[in-house]
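A short write-up of the structure that comes next.
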4 protein chains.
Amino acid sequence: MAYEQLKEDVWRANMGLVEAGLVVLTWGNASGVDRKAGVMAIKPSGVDYEDMHPEDMVVLSLATGELLEGDLRPSSDTPTHLVLYREFPVIGGVTHTHSNYATSFAQAGLEIPCLGTTHADHFYGAVPLTRQLTREEIQKDYELNTGRLIVEYYQQKGLDIMDKPGVLVPYHGPFTWGADPEAALHNAIVLEEVARMVFQTRLINPQVKEIPRVLLDKHFKRKHGPGAYYGQSKT
Amino acid sequence: MAYEQLKEDVWRANMGLVEAGLVVLTWGNASGVDRKAGVMAIKPSGVDYEDMHPEDMVVLSLATGELLEGDLRPSSDTPTHLVLYREFPVIGGVTHTHSNYATSFAQAGLEIPCLGTTHADHFYGAVPLTRQLTREEIQKDYELNTGRLIVEYYQQKGLDIMDKPGVLVPYHGPFTWGADPEAALHNAIVLEEVARMVFQTRLINPQVKEIPRVLLDKHFKRKHGPGAYYGQSKT
Amino acid sequence: MAYEQLKEDVWRANMGLVEAGLVVLTWGNASGVDRKAGVMAIKPSGVDYEDMHPEDMVVLSLATGELLEGDLRPSSDTPTHLVLYREFPVIGGVTHTHSNYATSFAQAGLEIPCLGTTHADHFYGAVPLTRQLTREEIQKDYELNTGRLIVEYYQQKGLDIMDKPGVLVPYHGPFTWGADPEAALHNAIVLEEVARMVFQTRLINPQVKEIPRVLLDKHFKRKHGPGAYYGQSKT
Amino acid sequence: MAYEQLKEDVWRANMGLVEAGLVVLTWGNASGVDRKAGVMAIKPSGVDYEDMHPEDMVVLSLATGELLEGDLRPSSDTPTHLVLYREFPVIGGVTHTHSNYATSFAQAGLEIPCLGTTHADHFYGAVPLTRQLTREEIQKDYELNTGRLIVEYYQQKGLDIMDKPGVLVPYHGPFTWGADPEAALHNAIVLEEVARMVFQTRLINPQVKEIPRVLLDKHFKRKHGPGAYYGQSKT
């Protein structure tokens, strides 16, 4: 079996979605890439998580989408993942879930504003909401167009993909990413928790304001970039 | 013991309701049929789930409701299940729960609108709410009339029972069905999750609109019917 | 050790409160009586549930409140329980919790209206809210007066204690009872679930109406009294 | 290994935060002090709870903040903890979490009013909200200033730190304390549960009033101070 480590990492991120309570039934998927090998591994479509093993992960060519290894069909969201990896070389893992608070914001057609330091530690401002797909984009190459929609959003805004490592697609749900599948999973967990707290905060105080910019900067930069001092030194 | 496989499948679907957090105490029930044998198996009435085994499932004649096997009284909702199987030959499993979000919509007297793709993947539009039973329908043959009420709804609307594999009965709660007990359980889990997300979505944005028709079509048909491409090939 | 069965039953009901998610830390308590022996057993005060064993249950005289057996102080709510047993000979078990939805209604100063059949299966109409205690009743014999308050409510309304086997005390929380500790626990679980669903139902539809009387009668009497047909025959 | 008991107690309190569902990922931290030895032990920064052992706790000088023992960086919130211990000699344990109801109140910019006896048993009135930090306090010595902010609040109000053993910092979240790490953990659990119930109570009844003073006094003093009669005698 080739790509063992990649498959193991991707499988682990998928199981992490279940452990974190972000998926119901067979919903959701996580993927990862091996940039050197030019491949992506992703969860098979519609398979029970409890029956799923590392060797069930499906391996595809990052360049062509051609199936290279695996006996099962890849996730139906595969074209979305491929577009993200192709356009954003810095990302190494992607997740998609229907986790219920984040999806509720996607269904409500609203971005998730940054109301506190929990959010500011991980997303540099609001978790964005893309535009809706057009009728034509839905009817043909739907999953591919979902990926393009996300890419378009970040490019038009001139946003660094890692400053906001997750996004909501209207009527649908969240996608998150990171340097590897574990980081993408991590951001899926954060996004759901942050969404839940915005939901609660606004019910407590509908007039709530966004976090002051100085506090947003302090927290995001405490964890990211050259001045970071949170966590253990990586060396 | 006859009907072993059927009892096993029905027992498993009942236990699945517990595992999915859809039941409290002894509430809820799942059933299944063996069309060739002309029988239905269903959970016994008011028995603790943890003390329940496959052999405790009660087997009745689909045609007459006569008890064929089992030492315990069948669920008090048995007449509801029997009516559904008799009127809809395509269904092989039925569940009834008081799962708390779906039941809250039933108590609120409102259908569950389709606000996103999670819903659209499984129900082709809103999860319906039947009319209320009349005084006479409540006082005599209550459980039988509950079944007839559901049948009436689908027949009057000319709805395909499998396009919307679940319904709410006012002041009461949800019923779901499917090709077999496992599919009925699956739809009970989906219905509760979908209800929860509508609850949350409307608290986030009370002016939220239903999913566009083109997206509803795309998602439902991605999973159902001749053009389906989600999941693994069944052959 | 005397009263072994009673202590075992009371301990089991207390542990059942934990398993059902109705208690946090050392909050809550369940008790039971042996009418023939004239004794009540109750949880000790402020002891961790995980360190608690049947032999830690404290046994007191039902008539005098005198401590008969046990090395620990009884629950501080003991006088409340004693009053209920003395005034209502039909009850054999009592619980008190701060379960969070029921307590939220008690804090809100509102009874829990009957909005559906889940509720109607167990409580014959709204779960009542007593009046508030007076300053004097709080400052002297507080726990005793809490019990008297509940008794006063049922007596003044001419209510059968078993038709509504639970009540809310304002600013405080729920008390439930039943024929034995297990039944009292059962009603505590039902009360919390029912409170949760009223909470949700009213957020979905603030104009929701109570269940029609005919449906309330049907469901309550399906489970209680001479015409009951739910569950297994007790003979 | 020195300070074994302290490290064990602090580790246990940190794990207790996880068991109580108060933390997500690596968020949150608990600490404790040995006043005789003049040291504080605290969770390391950004380490997975499941990989954390008592020997990973970081020990620092209470007077200087100098690292005395441990291979890992201490929590980034260390300066906040140190200030609290230095200013309030009566406390022996501190926690900080982003538990979601308490954090939602912090994000909403509102204190948590005392609406019931659950709250009154543990906090003598509302759980306070401090003022916001200034721009300068955020940009330089942020974590130290967070501690000073809390100290300032209690000193300016002339509040006994043990009457209200927890506080909310705007846009951020709760800090709690107690006589030892276990008591601080205990108060973190209470604070979250109380916050949840205020959230629910106000959605049920937006016009809800605070608990009457006489009932607040009764409950708080039933558990604290010379007239306490809740729990087991400590002798």
Side-chain angles (χ1 to χ4, degrees), chain A residues 16 19-22 99 101 112-122 178 182-183 185-224 227-235, chain D residues 21 23-28 44-48 50 56 58 71-78 96-113 132-143 145-146 168-173 195-196 198-203 206:
Chain A
E19 282 155 32
L22 303 185
S99 68
Y101 286 98
I112 302 173
C114 182
L115 302 186
T117 63
T118 319
H119 185 132
D121 277 336
H122 301 90
E182 185 185 358
L185 163 64
H186 181 111
N187 287 326
I189 294 171
V190 171
L191 177 47
E192 178 65 6
E193 185 72 5
V194 158
R196 179 179 178 170
M197 293 207 291
V198 174
F199 172 82
Q200 293 174 176
T201 301
R202 285 188 163 172
L203 286 176
I204 293 168
N205 182 0
Q207 271 74 50
V208 69
K209 295 197 195 110
E210 286 199 80
I211 196 172
R213 179 63 191 235
V214 59
L215 196 52
L216 171 63
D217 284 347
K218 177 69 188 177
H219 269 264
F220 191 77
K221 292 175 180 169
R222 197 167 76 143
K223 286 206 168 186
H224 303 87
Y229 58 93
Y230 179 93
Q232 303 302 322
S233 166
K234 300 287 166 72
T235 51
Chain D
V23 301
V24 166
L25 297 167
T26 65
W27 307 347
S45 183
V47 169
D48 281 349
E50 59 196 29
D56 297 325
V58 185
D71 301 324
L72 299 166
R73 275 191 206 168
S75 165
S76 57
D77 294 313
T78 293
H96 169 52
T97 76
H98 290 204
S99 68
N100 61 64
Y101 286 98
T103 300
S104 295
F105 275 90
Q107 293 190 161
L110 295 172
E111 61 176 25
I112 302 173
Q132 294 181 36
L133 289 166
T134 64
R135 168 176 295 273
E136 291 67 34
E137 288 169 331
I138 290 168
Q139 288 177 329
K140 184 165 183 324
D141 296 330
Y142 171 63
E143 292 84 2
N145 289 328
T146 298
L168 303 178
V169 175
Y171 297 111
H172 194 159
R196 179 178 178 173
V198 174
F199 172 81
Q200 292 175 176
T201 301
R202 284 188 163 171
L203 286 175

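For D:P44, the parts sitting under 4.5 Å from any heavy atom of chain A are the backbone and the side chain alike. Looking at D:V47, the atoms closer than 4.5 Å to chain A (heavy atoms on both sides) all sit in the side chain, from C-beta outward. Contacts between D:E136 and chain A at a heavy-atom distance below 4.5 Å are absent for every atom of the residue. Heavy atoms of A:E193 lying under 4.5 Å from chain D belong exclusively to its side chain. There is no contact between A:E192 and chain D, counting heavy-atom distances below 4.5 Å. Heavy-atom distances place no part of D:R202 under 4.5 Å from chain A, backbone and side chain included. Using a 4.5 Å cut-off between heavy atoms, A:D121 touches chain D through its side chain atoms alone. Residue A:H119: no heavy atom, backbone or side chain, is found under 4.5 Å from chain D.
With hydrogens and angles left out, the side-chain atoms of D:H172 and A:H219 include no donor and acceptor closer than 3.5 Å.
Although no hydrogens or angles enter the test, the distance criterion places a donor-acceptor pair under 3.5 Å between the side chain of A:H122 and the main chain of A:T118. Judged by distance alone, with hydrogens and angles left aside, the side-chain atoms of D:E137 form no donor-acceptor pair with the main-chain N or O of D:T146 at under 3.5 Å. Proximity of a side-chain donor or acceptor of D:T103 to a complementary backbone N or O of D:H98 within less than 3.5 Å is detected. Between the side chain of D:N145 and the backbone N or O of D:I138, no donor-acceptor pair lies under 3.5 Å.
Two residues are said to be in side-chain contact when any heavy atoms from C-beta on lie closer than 4.5 Å; A:L215 and D:Y142 meet this criterion.
Distance check: D:Y171 OH to A:C114 SG gives 10.0 Å after rounding to the nearest 0.5 Å.
In terms of heavy-atom pairs under 4.5 angstrom with chain A, the leader among D:L72, D:T26, D:V24, D:D77 is D:L72. By number of non-hydrogen pairs under 4.5 angstrom with chain D, the leading residue of A:V214, A:T117, A:I189, A:N205 is A:T117.
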